[in-house]
Number of protein chains: 4
Amino acid sequence: MATKSGDKFAAILDAAQAVIARQGYQGAQISRIAAEAGVAAGTVYLYFKNKPDLLVSLFRDRLGVLIEQARGNRTESADPAEKLRWFIWQHLKSLSAHRELAVVTQIEMRQAETDVQREISQIMKGYFQVIDEIIEEGQQTGVFLPAVDPKQIRNLVFGTLDQTVTAWVMSGFQFDLEAMAEPTYRLVTGGVCQSGQGGTQRYGDSCTAQTDV
Amino acid sequence: MATKSGDKFAAILDAAQAVIARQGYQGAQISRIAAEAGVAAGTVYLYFKNKPDLLVSLFRDRLGVLIEQARGNRTESADPAEKLRWFIWQHLKSLSAHRELAVVTQIEMRQAETDVQREISQIMKGYFQVIDEIIEEGQQTGVFLPAVDPKQIRNLVFGTLDQTVTAWVMSGFQFDLEAMAEPTYRLVTGGVCQSGQGGTQRYGDSCTAQTDV
Amino acid sequence: MATKSGDKFAAILDAAQAVIARQGYQGAQISRIAAEAGVAAGTVYLYFKNKPDLLVSLFRDRLGVLIEQARGNRTESADPAEKLRWFIWQHLKSLSAHRELAVVTQIEMRQAETDVQREISQIMKGYFQVIDEIIEEGQQTGVFLPAVDPKQIRNLVFGTLDQTVTAWVMSGFQFDLEAMAEPTYRLVTGGVCQSGQGGTQRYGDSCTAQTDV
Amino acid sequence: MATKSGDKFAAILDAAQAVIARQGYQGAQISRIAAEAGVAAGTVYLYFKNKPDLLVSLFRDRLGVLIEQARGNRTESADPAEKLRWFIWQHLKSLSAHRELAVVTQIEMRQAETDVQREISQIMKGYFQVIDEIIEEGQQTGVFLPAVDPKQIRNLVFGTLDQTVTAWVMSGFQFDLEAMAEPTYRLVTGGVCQSGQGGTQRYGDSCTAQTDV
DNA sequence: TATGAATGAGCGTTCATTCAT
DNA sequence: TATGAATGAACGCTCATTCAT
């Protein structure tokens with residue numbers, strides 16, 4: 001039942017993640033989380049103000065790890081494109097290795113009350129910042145489209161990752177999420193259209209027309 | 001209060017959408033929805049099995065409109081790329097015109113219980129199919145990357161749209177969502193990387209290297 | 001269990017009075033009151049906002065009867081002193097006939113939270129007003145000491161009654177409360193000191209000195 | 001925070017009085033009282049059996065001071081009426097000088113559970129005894145009405161004082177409580193009726209008729 | 001003595017759902 | 001069909017009390 005660690009804070013967070021992944025946000029009773037953490041129900045309130053606070057804390061803690069990881073890895077290559085590849089790979093790899101976390105972040109955390117949602121959005125900004133920095137660097141060095149609002153690019157990158165992970169969770173983990181990293185990266189950077197078509201396509205072909213503007 | 005129409009079914013759905021957009025999924029009480037629809041609380045149960053059923057019905061109804069719209073519009077051009085452009089534009093335009101609907105689909109509907117989530121996913125498949133058909137047609141005609149799993153492309157397309165709309169809602173509708181259609185289309189089709197770089201890039205540049213594989 | 005009356009409002013008030021008299025304010029569980037009233041716990045909240053509101057309502061209702069009674073009886077005689085005698089008699093007689101009510105008003109109602117106390121004080125003002133009117137009339141007609149702040153007189157009158165009833169309750173109803181009316185009236189009107197002493201007392205005797213000022 | 005004295009018993013009682021006066025009986029948490037006393041929560045249980053015991057102890061201690069004071073002062077004059085005057089003045093003066101104590105005794109202590117109430121009543125008997133002794137002495141020396149049950153007189157005296165102090169607390173200390181001593185004494189001893197009326201009153205006037213019986 | 005982290009019983013309140021009319 | 005009063009299960013949270021140190 002109880003996590004071996006004497007650190008009840010971590011034990012409760014772990015239990016919360018497990019229970020939420022299993023029972024869903026609404027079904028996650030404090031008493032259940034406490035039991036799973038090996039503490040009394042009241043003890044939860046020594047570490048967290050209330051149920052929403054526990055959930056926000058869980059999200060902050062878990063995303064914090066992703067953010068740290070992403071920030072650390074970013075420096076391994078000078079090329080922004082390479083940094084982006086690395087970011088995508090890390091994201092998918094991390095969630096791939098922690099299915100419970102993926103379930104919680106992709107599905108259950110979005111079932112919180114509106115107030116909690118707002119706080120989670122704030123926390124997400126920290127992760128968005130990591131992407132934004134990569135994008136802006138890439139735009140400055142001319143690797144990424146400089147004329148496009150970086151937020152749009154971020155929406156493309158994060159939206160694609162998010163959708164991919166959600167699809168993985170909803171499928172019941174039926175495919176290899178980490179293996180999606182490379183193709184996802186290619187799609188994101190190269191787009192949907194057939195390359196090389198540019199030379200032969202007829203006028204008005206919208207798939208190449210885009211680059212004209 | 002009540003929708004004038006004698007069609008209580010529609011009146012309840014409308015009220016549900018309004019109340020959920022305003023009070024959030026959790027705060028949406030049946031009694032409130034009923035009052036807003038101009039019927040008694042018990043009447044809701046003459047048209048819907050229970051609360052989850054009401055929510056799923058709402059989602060099905062609203063997404064149904066989007067799907068019909070997307071299917072209808074798809075035929076206006078033979079070019080799959082053009083169809084995609086049209087789809088993206090329709091999606092953003094529709095939600096742009098119906099903020100309440102956007103709030104409900106992007107934020108509040110994701111707060112439902114796990115069971116509801118599953119059903120919503122099923123309904124989403126209908127919308128995904130529309131995208132999938134466009135993508136597959138594009139791959140067959142050679143407009144879209146043929147070697148890539150169409151589901152990945154769909155994740156890119158839908159993920160980007162979804163993220164864009166969510167950002168719009170979370171921002172408090174601070175930007176022109178419909179105006180995002182064209183740049184979003186270009187990003188999705190052309191990718192993040194600077195075009196034309198192909199000729200001058202040095203070996204190993206990952207932003208072009210991708211197309212080699 | 002249930003009061004025969006279909007009037008659930010009254011049934012809940014009756015049950016509340018009974019349960020509070022028996023278990024005390026703190027021990028009076030809503031579930032218990034509901035059971036005793038023959039309704040479901042949730043039903044209580046159809047008639048009362050919350051527990052404090054139920055208590056305040058109970059007090060208002062019960063005191064309202066006393067106030068009406070006191071106001072009605074006041075007109076039976078023109079003499080303010082006689083009105084006071086009547087008031088005192090009515091007060092003691094009413095509580096004497098309703099031990100449960102006496103317990104609740106004298107003991108248990110004073111165990112409410114500070115907020116409830118404040119509201120109860122407001123309600124008490126209605127009862128005080130009845131006394132005040134009698135007193136002021138008596139002062140104007142010269143029957144009662146005109147130079148004394150009427151509020152002080154009221155404190156004497158109500159304080160004595162209140163203390164008497166509380167003593168009765170705390171004693172376990174060991175004496176005849178109604179029989180206390182006449183002697184109480186005499187004490188209140190004539191004071192503690194031996195009458196007739198005025199003529200023989202030596203200078204400085206404080207029991208008569210008072211009348212000199 | 002903590003009282004300087006090493007006497008934790010007294011420190012806890014002081015803290016209890018302060019916290020109860022500020023937060024009310026219900027809101028007085030042991031942990032808060034402990035913090036205010038500069039000790040750990042557990043330490044409270046080294047000096048008091050439980051929360052009710054702490055409250056009863058507080059009341060006993062505070063009332064003990066009043067009783068001692070009243071007993072000491074009683075001997076300063078041989079005249080029972082003068083003793084009564086002194087008693088009334090002491091009572092109002094003491095509470096006037098200790099608003100916190102007045103709040104606790106008049107309002108908050110009455111919010112205790114039924115068990116605590118019973119014990120408080122017992123303690124009150126000690127104070128009542130002081131009044132009773134004065135009264136009985138006065139009756140024996142013929143100063144106070146000999147035919148009246150001394151308990152009735154006590155109810156008049158204490159009830160009036162109690163009501164006066166409560167009115168003072170509820171008013172937010174808006175008047176000079178100590179200044180009420182003399183008029184209160186006069187009322188108590190002389191009664192509500194106009195003196196001197198005896199000679200001129202018409203037959204049946206109830207305000208004088210009383211002394212006939 | 002003293003600590004203070006941990007306990008866990010206990011209860012007010014909400015609200016989806018039912019059913020007699 | 002329609003009503004809406006009544007239901008009652010379900011749960012987050014508090015805080016007096018304990019006990020290992």
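Residue numbers start from 1 in every chain, and the chains themselves are labelled A, B, ... in the order their sequence lines are given, proteins ahead of strands.
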Item checked: Spatial distance of atom CD1 (B:Ile120) from atom CG (B:Leu55) [nearest 0.5 Å] -> 7.5 Å
Next item on the list: Rounded to the nearest 0.5 Å, what's the gap from CG on A:Leu54 to CZ on A:Phe9? Could you check?
Entry: 8.5 Å
Check: With the sugar-phosphate defined as primed atoms, P, OP1 and OP2, and the base as all remaining atoms, what B/S/- string results for nucleotides 10-20 of chain F, 5' to 3', for protein heavy atoms under 4.0 Å?
Finding: -SSBBSSBB--
Check: Does A:Tyr47 have a side-chain nitrogen or oxygen under 4.0 Å from the phosphate oxygens OP1 or OP2 of E:dA5?
Finding: no
Note to self: Which heavy atom of A:Gln26 sits nearest to which heavy atom of A:Lys51, and what is that distance?
What the structure shows: O-NZ, 4.0 Å
Next item on the list: Ignoring backbone atoms, establish whether D:Lys8 has a side-chain N or O less than 4.0 Å from OP1 or OP2 of E:dA2.
Entry: yes
Checklist line | Atom pair CG/OH of D:Asp53 and D:Tyr47 - distance to nearest 0.5 Å | finding: 14.0 Å
Checklist line | Residues forming a salt bridge (charged side-chain N to carboxylate O under 4.0 Å, His left out) with D:Arg62, sequence neighbours excluded | finding: D:Asp14
Item checked: B:Phe48 CZ to F:dT1 C1', straight-line distance once rounded to whole Å -> 15 Å
Next item on the list: Please name the pair of heavy atoms, one in D:Ala34 and one in D:Val44, separated by the smallest distance, quoted to 0.1 Å.
Entry: CB-CG2, 3.8 Å
Note to self: Between B:Gln106 and B:Met170, is there a side-chain heavy-atom distance shorter than 4.5 Å?
What the structure shows: no
Margin query: Take N1-N3 plus N6-O4 or O6-N4 for Watson-Crick, N1-O2 plus O6-N3 for G-U, both under 3.5 Å. Which runs of 3 or more such pairs involve DNA chain E?
Written below: E:2-21 with F:2-21
Item checked: Over 12 non-hydrogen atoms of neighbours within 6.0 angstrom of CZ in C:Arg32 -> no
